[in-house]
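This report refers to the structure that appears directly beneath it.
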There are 2 protein chains.
Amino acid sequence: MNTLAEENYLKSIYHLSLNDENVSTNQLAALLNTKASSVTDMLKKLADKTLINYTPYQGVTLTAAGEKIAVNIIRKHRLWEFFLVEKLSFKWDEVHEMAEEMEHISSNELIDRLDKFMDYPKYDPHGDPIPDSDGKFKLHDLKPVSAIEVNTCGVICGVRDHSSSFLQYLEKQGLTIGKKITVNDIIEFDRSMILQMENKTLQISREVANNLLITI
Amino acid sequence: MNTLAEENYLKSIYHLSLNDENVSTNQLAALLNTKASSVTDMLKKLADKTLINYTPYQGVTLTAAGEKIAVNIIRKHRLWEFFLVEKLSFKWDEVHEMAEEMEHISSNELIDRLDKFMDYPKYDPHGDPIPDSDGKFKLHDLKPVSAIEVNTCGVICGVRDHSSSFLQYLEKQGLTIGKKITVNDIIEFDRSMILQMENKTLQISREVANNLLITI
DNA sequence: TAATAAATTTAGACAAACCTAAATATTTAT
DNA sequence: ATAAATATTTAGGTTTGTCTAAATTTATTA
């Protein structure tokens, strides 16, 4: 078994790997709220366990073994988030911290039964895909709202930013998972966007449009 | 907040306090699977935080603050055990280890909602009372089967031993929570007991009778 | 391409929670 | 009441995961 700290490093490396092939020490330090020297120590330890490929100064990638562990933690995190929202009626902006603790509950039998109990959900409350018990999952083909043209429409299927302030803002505007929106206009001055959604018109900043993900 | 180790010490002191007013260093070392010297270190730390009353060589008691924390952990443990059995269909002998991890999930809001989700259960799968959100709970008036006379009857409401081997044995014999039993006879030689339960007759050892709890 | 800046690693410490071995208190038994 | 046995604490280490400060490597830029 791995320690809590090791699990958090593997998870962070996995997340950062989605953007960059090689993950740097400083990226990890920033994400994990720690110092670069602490990261170096841990990278040596994870490399000794052959969970990562580590070349000093060159950053890291996960090995197959490391990725398997990371995906399993993400599976647990997302299933617990789903549980908290669907069964315990938490809001989508309230569950992240709790799931950060719950993802480390070790039993796989438990998580598989939880999965079954909730009828094998495919996406968590933020639209992120939930890996199945073999670690497999499908990504939607998602684009930020900011990437689409005037007069095209799409369905909200995810968010890039998971902060509660962003999620609360979206909730208040009714911009939640599954809603159909159309881009009516783009303001030239600041590239903010005018959206149509269920008879209502609303305006969102470029910043918001960049972080709101849709399928066409 | 308290560390995981601190929480486990407080919980253990609480459990041991039910039998002995003052809890000794060695009792804690045995229960926590650690060494007496390690216990001494932790007792000093908990005393500094005024969670226990500690006089060197004289053992410890919980302060009101310490007891509150201990009872809250026990509340969480028992609610999660109930969840695992009632919602995820685990058997009563399978849930202890998982609940040992889950009891440390910090959110009280989470546990209160879980409590509500399950409709405020009063007893866990082993018959132990679940403290409410104010830490209050009622004990059944329980006696071991070994303490009752021939031709008296009672309802199984708890177990003294929580080991999975004991629980599995009881399960196999059908001696589960809620079952009504009558003591038909006591064998003089080894004081084993002949029980009547739902048309069946079965014999249990003194050892089993000591660990099976009933209400009259 | 040499100097500077930025990123990373190394060296040496620290706190938490544990350990062993030795010292000290308390309890039990003769 | 004292010797022996038992329980507990103290002293000094270890490991994990963190830190700061200094050294080193890589990247940038003039």
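Side chains are part of it too, since the values below use all heavy atoms of this structure and drop only hydrogens, waters and symmetry mates.
Between Asn22(A) atom CG and dA7(C) atom P there is a gap of 16 Å when expressed in whole angstrom units. What separates NZ of Lys44(B) from P of dA16(C) is a distance of 14 Å, to the nearest Å. Computed from coordinates, the Asp48(B) CG to dA16(C) P distance equals 11 Å when rounded to whole Å. As rounded to whole Å, 16 Å separates atom C1' of dT9(D) from atom CE of Met42(B). Rounding to whole angstrom units, CG of residue Asp41(B) and P of dT20(C) are separated by 13 Å. The nearest whole Å value for the distance from the CG atom in Asn33(B) to the P atom in dC19(C) is 9 Å. Atom P of nucleotide dT18(D) and atom CG of Leu43(A) are separated by 11 Å, given to the nearest angstrom.
At the phosphate of dT20(D), OP1 or OP2 sits under 4.0 Å from a side-chain N or O atom of Lys35(A). Contact check, Ser38(A) against dT18(D): no side-chain N or O comes under 4.0 Å of OP1 or OP2. Phosphate contact (OP1/OP2 of dT10(D), side-chain N/O of Thr40(B), threshold under 4.0 Å): absent.
Between Asp115(B) and Arg75(B) there is a salt bridge, since at least one side-chain N of the basic residue sits less than 4.0 Å from a carboxylate O of the acidic one. A salt bridge links Lys11(B) with Glu100(B): at least one charged nitrogen is closer than 4.0 Å to a carboxylate oxygen. Between Arg113(A) and Glu109(A) there is a salt bridge, with a side-chain nitrogen of the basic residue lying less than 4.0 Å from a carboxylate oxygen of the acidic one.
Toward the 5' end of DNA chain D, the nearer of the two residues Ala36(A) and Thr25(B), judged by each one's closest nucleotide, is Thr25(B).
Phe117(A) and Phe83(A) have tilted rings, their planes meeting at an angle from 30° to 60° on a 0 to 90° scale.
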Output one line per pair: protein atom, nucleotide atom from nucleotides 24-27 of chain C, and distance, for all N/O pairs under 3.5 Å.
residue	atom	partner	partner atom	Å
dA25(C)	O4'	Tyr57(B)	OH	3.3

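Taking CD1 from Ile214(A) and CD1 from Ile177(A), the interatomic distance works out to 12.0 Å, rounded to the nearest 0.5 Å. Between the CG atom of Leu139(B) and the OH atom of Tyr123(B) there is a distance of 7.5 Å, given to the nearest 0.5 Å.
The shortest heavy-atom contact between Ala209(A) and Pro144(A) is O-CB, 3.6 Å.
The backbone N or O of Leu4(B) lies less than 3.5 Å from no partner atom in the side chain of Glu7(B), so there is not a single donor-acceptor pair.
Below the 3.5 angstrom threshold, one finds a donor paired with an acceptor across the side chain of Ser37(A) and the base of dT20(D).
The nucleotide whose nearest atom lies closest to any side-chain atom of Thr34(B) is, among dC18(C), dT8(C), dT9(D), dC18(C).
Taking the six-membered ring where the residue is Trp, the centroids of His162(A) and His126(A) are separated by under 6.0 Å.
Near-neighbour residues of DNA chain C inside residues 4-18 of chain B, defined by a heavy atom below 4.0 Å, number-ordered: Ala5(B), Tyr9(B).
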